[in-house]
Protein chains: 2
Amino acid sequence: MPKLSAAYATTTLQRPLVATDIVLFALRDDALQVVLIRRAMPPFAGKWALPGGFVLPDETIDHAAKRELAEETGMRIAGEYLEQLYTFGEVRRDPRARVISVAYLALMHGEGAEPRGGSDAADATWFAIGSLPQLAFDHADIIAYALQRLRYKLEYTNVLYAMLPEHFTLPDLQQAYETIMGAALDKRNFRKKIISLGFVKPLQRWTQPEKGRPAQLWKFTKREPVMVKTFVTKAGG
Amino acid sequence: MPKLSAAYATTTLQRPLVATDIVLFALRDDALQVVLIRRAMPPFAGKWALPGGFVLPDETIDHAAKRELAEETGMRIAGEYLEQLYTFGEVRRDPRARVISVAYLALMHGEGAEPRGGSDAADATWFAIGSLPQLAFDHADIIAYALQRLRYKLEYTNVLYAMLPEHFTLPDLQQAYETIMGAALDKRNFRKKIISLGFVKPLQRWTQPEKGRPAQLWKFTKREPVMVKTFVTKAGG
DNA sequence: ACAAAAGTGTTAATTTTACACCCATGG
DNA sequence: CCATGGGTGTAAAATTAACACTTTTGT
């Protein structure tokens, strides 16, 4: 194996370290929530933070993200959604050492998904986006960035498949959009739009509500990321 | 300063290293071109690669990107455009060691901007996107990703300000779009669109061409990133 | 029959597309 | 007056936005 350049080798003891932080969102109790852990170790011991940790030498960054999430919260991103967000590299973002963190956006459906602390996490639980505690490091920035990205993605992808159960009603789906976007949508226009995009298809099944008319159940046509076919300006003349 | 956890400290000698690679695009000779360097050192000595290098302990990643670009090519990203793209972390992407690379997208206007080799670069020059040489590492993937990102950005931002001179004609601007998107656009519709977006404003100056009618000069209203005000679904009902 | 929630259609406004000729200049 | 490239408008089509009543069920 060829050696690294002499110039870089001399700085070896102060190289930046590489970590990953995961913003795992789910819809719970009609709110967008994120999993946080209570840090067991300094710095910021006792403070809430995103799950995450250092990337090991023989794993990809994606793998580190999934592993740390599982270790610290018990949550697994299986058929759900995991996407690299951004790499945060301010020099003093971690008081211990120079740590560069590759942040991830993860989505899952949150009903019945209870995190449990583990590893470096004294505790782990969901927080609604609107009532986050004070956070360690630059994790508030990371969450804000993740939320912005999620909102953009809702506009032109089907990523919501990861946040809803396999079968759902259109009012459920609309509720999910509204909760995440923080805005009310017109029911008729919403339905027309979402159906015409082809993201969802109806089942021959209906809910059995205690009150009100039963709602038809739908499913996503694909449970993998699909983009709207925008983004091709037209030719001509 | 608090210490890192014992578990992580034991892996200290094989921590991932952090580098940055820069995809610097410019429009030259009616083509989208990218700066490549010829590697002076192994691995891939003699092969073409993106400019880039390791992140030093006391600099941000953005800074490392600018510094390495300057060292290896002599090019400076001043009032231009620099954006973090994606972090590439496959375990064996660098045969020397575990190297994680934070890739950047940089844009500048390329007329009269001649790179020169330096530092670890035996040579540095522009290549048209359509005729790239064989590339070291996963740099072909990185360029492909950067190109995709640039094309998306053209659709909803004014980033082209970084790739055009301060004053330009609308045919120049259209040509730039077409070159990057790889598609022809209708002249009248293009003008209506770009003007209605408010990205550009006309000057009271005209070109003095050798042939044909003089063209009016325009400038960008803002020489900083601005997004189209899309991305807000409407409320109601 | 009432309360609750689901479902449905039409019109106006806006945006996007298609398309062809006239204008200003230099040689 | 010709060649070259710049500049312009309008109508059709598609998309988006606004908006209110009827249906189904359980009690």
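Here is the naming used below: chain letters follow the sequence lines, and residue numbers restart at 1 for every chain.
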Side chain proximity check, B/V23 to B/L147, heavy atoms < 4.5 angstrom
no

Hey, is the side chain of A/R213 pairing donor to acceptor with the base of C/dA3 inside 3.5 Å?
no

Taking only N and O in the side chain of A/R188, is any of them less than 4.0 Å away from OP1 or OP2 of D/dA18?
no

To the nearest Å, how far apart are A/L185 CG and C/dA6 P?
15 Å

Nearest whole Å is fine: how far is D/dT16 P from A/I194 CD1?
12 Å

Tell me which of B/P214 and A/W206 sits closer to the 5' end of DNA chain C, going by the nucleotide each one is nearest to.
A/W206

For the pair made of CD in A/Q175 and C1' in C/dA6, what is the distance, rounded to whole Å?
14 Å

Within the structure provided, determine whether A/R149 and A/L85 are in side-chain contact (heavy-atom separation under 4.5 Å).
yes

Test of ring centre spacing under 6.0 Å for B/F88 and B/F137
no

Nearest heavy atom decides the nucleotide; on that basis, is A/E210 or B/L170 closer to the 5' end of DNA chain D?
B/L170

Whole angstrom is fine here: how far is it from CG in B/L197 over to P in C/dT15?
11 Å

Heavy-atom distance under 4.5 Å between the side chains of A/Y161 and A/F199, does that happen here?
no

Would you call the rings of A/Y86 and A/Y145 parallel, tilted or perpendicular if under 30° counts as parallel and over 60° as perpendicular?
tilted

How close or far is atom C1' of D/dG7 from atom CG of B/D186, stated in whole angstroms?
13 Å

Quick one: label B/Q216 by what it contacts on the DNA or RNA (base, sugar-phosphate, nothing), any heavy atom closer than 4.0 Å.
sugar-phosphate

Nearest-Å distance, NZ (B/K193) to C1' (D/dG9)?
19 Å

Atom CG of A/N189 and atom P of C/dG7: how far apart are they, to the nearest Å?
16 Å

Is there a side-chain polar atom (N or O) of B/K211 under 4.0 Å from OP1 or OP2 of C/dG26?
no

Distance check needed: D/dG6 P versus B/R191 CZ, whole Å only.
8 Å

When only distance counts, do a donor and an acceptor, one from the side chain of B/K192 and one from the base of D/dT10, lie under 3.5 Å apart?
yes

Look at the side chain of A/K187 and decide which nucleotide, out of D/dG9, D/dA20, D/dG6, has an atom nearest to it.
D/dA20

